[in-house]
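Accompanying notes for the structure given below.
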2 protein chains.
Amino acid sequence: MKDEFVPYLVHIARLGGASRLVALSTRALGQAVNRSQQTASRVLGQMQKNGLIVRRKRGRTQELKLTEKGVRELRTLYLTLSDIFKSHTIEGKVFTGLGEGAYYVSQDGYRRQFKEKIGFDPYPGTLNITVIRSEDVRQLAQLYGVEIEGFVAGSRTFGGGKAIPANIAGRVFGAVFIPDRTHYPPDVVEVVAPVNLRQALMLKDGDTLTVTVPYFPA
Amino acid sequence: MKDEFVPYLVHIARLGGASRLVALSTRALGQAVNRSQQTASRVLGQMQKNGLIVRRKRGRTQELKLTEKGVRELRTLYLTLSDIFKSHTIEGKVFTGLGEGAYYVSQDGYRRQFKEKIGFDPYPGTLNITVIRSEDVRQLAQLYGVEIEGFVAGSRTFGGGKAIPANIAGRVFGAVFIPDRTHYPPDVVEVVAPVNLRQALMLKDGDTLTVTVPYFPA
DNA sequence: ATTACTACGTTACGAGTAT
DNA sequence: TATACTCGTAACGTAGTAA
């Protein structure tokens, strides 16, 4: 679909044209989308040829309605924008990992980055969760993730990953950390926060935790 | 903003460019929006001049990020589409009207239209509610409302209005009726259903009722 | 009042190419 | 590899106007 069509489809839909015929002159439509009557006429012709709208002539005037295809195309754009702008939730089951999270997070190389890039000093200990239901976590990481760089401390190498600032259980501001490399399955992520989450939220293994990733352009 | 810019902004945002700089070549961007490298280059220049994006050069390559203005413009489009595609809720307080609703709805002129246009035979009696919180009800009526025509029966004239098919309290399929003319204040609407709502939902005056208008292109 | 054609200036597109 | 010129062609936008 041509980009040019979008405002026309939007305006017709706003008048109810997604579900029924609406009376709408080429002049009024053009004015609504900031174009001339002539341009609106041409564009309507093209949209009709493309199967995006149907037109019914009533004497000299006309009625318009989006076709299923027209609705679908507009809805696709809506869903794409939703992915960008709406809040996302991640639900996961709490389990006890190998306990190495605590060791990692207490490393200065990580602590400094969390403080600078996300804004809190992580409690030395992480919460492992297995993701149950979520829009693709890696896609979220791409959208909202902050790069946490790997580093070398002494003779050890610590891998990097992506941290998504998020609201934990509606009460604590923290982050979901997705390591670039892990020995866990890919649906396992770590939840980091400035406090001991197990204590603060009274969590035990098997509990379900909900993490919200709000929309926030930093 | 030019319509032409939308897909470019969308793609940059999908890569996380709403909140941080993302590396993105003109070739890759052009490919993503189905344009040539040259076109992507020109459009980026225009969007920059329009204050929609910032660019940072890193040697021969570049990094992109939406400006606040760029995010705002895209978000405006998102909110417009939300109005069209998301479900809407109307919350209202139940009160006892003059009882004329029952008389009206039992008129064949109305009953036939409800059966044909919405799909149920209205229980002879309506529920008056005062709208507490809602996106503009009249705007909703414009989007989703079905025209109910006025008619004459005997020596009386019955006025028309708009009926919005809706889900009542999450349990009953009914409609919100918005008369074209009324002696009630404009925030008063009538809820119609195939059953006695007061009984079925155990409602009394002062109770709050939630009506959901789902998105459904008929 | 409509819709839509023609004519023509402006803008978009992309192959070729410079850097 | 990049980005971004030039320039020929296609598409867009609208005043004028027919119907």
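Order of the sequence lines fixes the chain letters, A, B, ..., with proteins taken first and strands second; residue numbering starts at 1 for each chain. Being a predicted model, the structure only gives us computed values, none of them experimental.
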**Study point:** Stretch residues 28-35 of chain B: residues that reach within less than 4.0 Å of DNA chain C through a heavy atom
**Key:** Arg35(B)
Check your understanding: Is there a donor-acceptor pair closer than 3.5 Å between any side-chain N or O of Gln46(B) and the backbone N or O of Arg42(B)?
Key -> no
Point to revise | Residue Ser36(B), side-chain atoms from C-beta onward, closest of dC13(C), dG14(C), dT3(D) | key: dG14(C)
Check your understanding: Would one find a side-chain N or O of Lys2(A) under 4.0 angstrom from OP1 or OP2 of dC12(D)?
Key -> yes
Check your understanding: Is Glu4(A) side chain donor-acceptor paired with the dA11(D) base, going by distance under 3.5 Å alone?
Key -> no
**Study point:** Atom pair distance, as rounded to whole Å: CD in Gln46(A) and C1' in dA4(C)
**Key:** 13 Å
Practice item. Measure up the Tyr110(B) and Tyr104(B) rings against each other and bin them: parallel (under 30°), tilted (30 to 60°), perpendicular (over 60°). Key: tilted
Exercise for review: Could you tell me whether Glu149(B) atom CD has more than 12 heavy atoms of other residues or ligands within 6.0 Å of it?
Suggested key: yes
Check your understanding: So what does Ser25(A) hit on the nucleic acid, given a heavy-atom distance under 4.0 Å: a base, only sugar-phosphate, or nothing?
Key -> sugar-phosphate
Exercise for review: Return the orientation label for the Phe158(A) and Phe151(A) ring planes: parallel under 30°, perpendicular over 60°, tilted otherwise.
Suggested key: parallel
Check your understanding: For dT3(C), does either OP1 or OP2 sit under 4.0 Å from a side-chain N or O belonging to Ser41(A)?
Key -> no
Practice item. Would you mind telling me which of dC13(C), dG16(C), dT3(C) lies closest to the side-chain atoms of Arg55(A)? Key: dT3(C)
Check your understanding: Does the side chain of Thr89(A) reach to within under 4.5 Å of the side chain of Arg133(A), using non-hydrogen atoms?
Key -> yes
Check your understanding: Would you say the side-chain atoms of Thr67(A) pair up with the backbone N or O of Gly51(A), donor to acceptor, closer than 3.5 Å?
Key -> yes
**Study point:** Phosphate OP1/OP2 of dT3(C) contacted by Thr26(A) side-chain N/O (<4.0 Å)
**Key:** yes
Check your understanding: Is a donor-acceptor contact shorter than 3.5 angstrom present between the side chain of Gln37(A) and the base of dA4(C)?
Key -> yes
Revision key, fill the gap. Ranking Thr61(A) and Gln38(B) by the position along DNA chain C of their nearest nucleotide, the one closer to 5' is Thr61(A)
**Study point:** Minimum-distance nucleotide (side-chain atoms of Arg27(A) versus dT2(C), dT14(D), dC13(C))
**Key:** dT2(C)
